[in-house]
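Whatever order the structure lists ligands and atoms in, that order sets their numbers, starting from 1.
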Amino acid sequence: MLRQPNSETQFAILAAKAAGRILMEGFGTGVRIEQKAREIDLVTEFDRRSEALILGRIRKAYPGHRILSEESGRSPAAPALRGEARGEGGSGEEPIWMVDPLDGTTNFAHNLPLFSVSIALCRAGRAVVGVVYDPTRRECFWAERGKGAYCGESRLRVSGNTELGGSLLVTGFPYDAWTNPDNNLELFGRFSKRCRGVRRLGSAALDLSYIAAGRMDGYWEMRLSPWDVAAGGLIAEEAGARVTAMDGESDYLSETPSLIAANPALHAKMAEVILRRP
Ligand code: IPD
Ligand code: CA
Ligand code: CA
């Protein structure tokens, strides 16, 4: 039987869908692309318009809550996430919304229909609500902590593939990959020799949602941002994935998350490859 989302989840779902409609107004119309700090890190008017809509709704509905959002950063009252997780720099009790108004900007800018809107609500350093909306397929992935994960009305479950050799993995590469040797390419090669295939879709939030849906078996990626993974990480966990930092054990939600997500047996095998255990 379908569980009804709570009021915060319903709010996030409606906001993500409204933001998705904005993105679809621009998708495929040849939007103007701007470069951020690095040549390959892009932003468009639609990242900003989507963000303005979501942040406006949050401020109106939850004026006391804090916000951490990709294009406009932290709301002034928000302490560093890492500090908050440790209980420093604030009570750690004020809820914080983590927003990626367009996850997959490079795909969007190249007219590739693989991008999403990601909204999470976190309490005491953990996501309690996560919503990832893909406006091109009209798929809405959502989860509440302890209550399961869904795509629309369908309950999600991770794949039961426990062997690397039969697994389809997904990953991504950091924006400083041209210059930083710690760029995931070596690991990409290592996994490519051990599994059925490795995909690079270009939206971390969708990667994690696809792990939840059993469309991919395992995911790893390094040096992301909290808004990339807060919602998708919860959705994957609630579908039965083990989601950790790349050491295979600790919490993944930090200032620069690096993570592994897969069913527990495959997660252990992925961690062994990453940590180069025999
Ligand atoms: C990016 C996507 C991509 C991941 C990058 C992210 P953006 O987010 O999630 O899959 O590999 O590291 O920064 O910039 O499109 O919002
Ligand atoms: Ca992102
Ligand atoms: Ca983004």
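- Salt bridge status for Arg215 with Glu139: present, with a side-chain N to carboxylate O gap under 4.0 Å.
- Listed for the Lys269 side chain is no donor-acceptor partner under 3.5 Å among the backbone atoms of Glu163.
- In this structure Arg157 satisfies the salt bridge (Lys or Arg N to Asp or Glu O under 4.0 Å) test with no other residue, sequence neighbours excluded.
- Between Glu94 and Arg66 there is a salt bridge, since a side-chain N of the basic residue sits under 4.0 Å from a carboxylate O of the acidic one.
- Nearby protein atoms of type N, O or S around the Ca ion (ligand 3) amount to 3 (distance under 3.0 Å).
- Between Phe11 and Tyr62, the ring planes lie perpendicular to each other; the angle is over 60°, past the 30° to 60° tilted range.
- Here the closest non-hydrogen pair linking Trp97 and His65 is NE1-ND1, 2.9 Å.
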Extract all donor-acceptor atom pairs below 3.5 Å that involve side chains of residues 22-32 and protein atoms in other chains or at least two apart in sequence.
from	atom 1	to	atom 2	distance (Å)
Glu25	OE1	Arg49	NH2	2.8
Thr29	OG1	Gly26	O	2.6

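- A salt bridge is defined here as a Lys NZ or Arg NE, NH1 or NH2 lying under 4.0 Å from an Asp or Glu carboxylate O, and Arg223 with Asp182 meets this definition.
- With respect to Glu70 and Lys36, a salt bridge is recorded, a charged nitrogen being found less than 4.0 Å from a carboxylate O.
- Within 4.0 Å of ligand 1, heavy atoms belong to protein residues Glu70, Asp100, Leu102, Asp103, Gly104, Thr105, Gly172, Phe173, Tyr175, Arg200, Gly202, Ser203, Ala204, Glu221, Leu224, Asp228.
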